[in-house]
Amino acid sequence: DGGITQSPKYLFRKEGQNVTLSCEQNLNHDAMYWYRQDPGQGLRLIYYSQIVNDFQKGDIAEGYSVSREKKESFPLTVTSAQKNPTAFYLCASRTGGMETQYFGPGTRLLVL
Amino acid sequence: GQNIDQPTEMTATEGAIVQINCTYQTSGFNGLFWYQQHAGEAPTFLSYNVLDGLEEKGRFSSFLSRSKGYSYLLLKELQMKDSASYLCAVVTSGTYKYIFGTGTRLKVLA
């Protein structure tokens, strides 16, 4: 089946630790996005990538890093510099033009 | 700056009609999307407007007025499963960035 997968579903981070959230898509989409959602809030853009080997900062990029070495994959690293990482993280992808984004199931990150 | 406003919460009765409004002020406009999000799940696509007017899709319709920076999502014949958050998102010109509102939490009562 075509779609977007995110793993793990739940992730626990200790203070001072970097963690990486996985996002894979087999939809052959060019653009990929990472969002953060806090309780009762909308989605805030962390990073996005329009093509392989290129990505741009979103509105809340501080404390996060990404890579786009393959079209199918767009992993997000939450670094120790992100002081309040507890949130629901959503990955999305989109084909070219004015098409909708399709979202993965999300990863819930909790700090211990 | 970029700003998208939606009501925080709405309540309606099963079988009724509800209208969820969205107003926006963004630097450029390339289209407006509506998504449905059930608690703890990912958003799913409902509708897309780029030209003024009404787009109808079964029980769901969405309207856009670009001159007023205004859209609404109309849900007819409400069902209990429609209890969810509804997110309005605007795509800005040139960047293909999606700016999301905070969402409207809809409760459908029996």
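Chain letters run A, B, ... following the sequence lines, proteins first and then strands; every chain starts at 1.
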Take atom [atom1] of [X] as the centre, draw a 6.0 Å sphere, and report whether it contains more than 12 heavy atoms from other residues, nucleotides or ligands.
| X | atom1 | result |
| --- | --- | --- |
| K68(B) | NZ | no |
| E62(A) | CD | no |
| Q19(B) | CD | yes |

Grab the two heavy atoms, one from F100(B) and one from L43(A), that are nearest each other, plus how far apart they are. CB-O, 3.5 Å

Within residues 35-43 of chain B, which positions have a heavy-atom distance to chain A below 4.5 Å? Y35(B), Q37(B), G40(B), E41(B), A42(B), P43(B)

Can you get from [X] to [Y] by hopping between Ile, Leu, Val, Met, Phe, Trp and Tyr side chains that sit under 4.5 Å apart?
| X | Y | result |
| --- | --- | --- |
| L90(A) | Y47(A) | no |
| I20(B) | Y24(B) | yes |
| L110(A) | L21(A) | no |
| F74(A) | L11(A) | yes |
| Y72(B) | L87(B) | no |

Y33(A) versus chain B, the contacting section by heavy-atom distance below 4.5 Å: side chain

Against chain B, label Q50(A) side chain, backbone, both or neither, depending on which of its atoms sit under 4.5 Å from a heavy atom there.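 Just the side chain, heavy atoms under 4.5 Å.
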
Does the side chain of R94(A) reach to within under 4.5 Å of the side chain of Y98(B), using non-hydrogen atoms? yes

So which of Q37(A), R108(A), Q56(A) has the biggest tally of heavy-atom pairs under 4.5 Å with chain B? Q37(A)

CG-OG1 distance between L46(B) and T100(A), expressed to the nearest 0.5 angstrom: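 One gets 9.5 Å once the value is rounded to the nearest 0.5 Å.
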
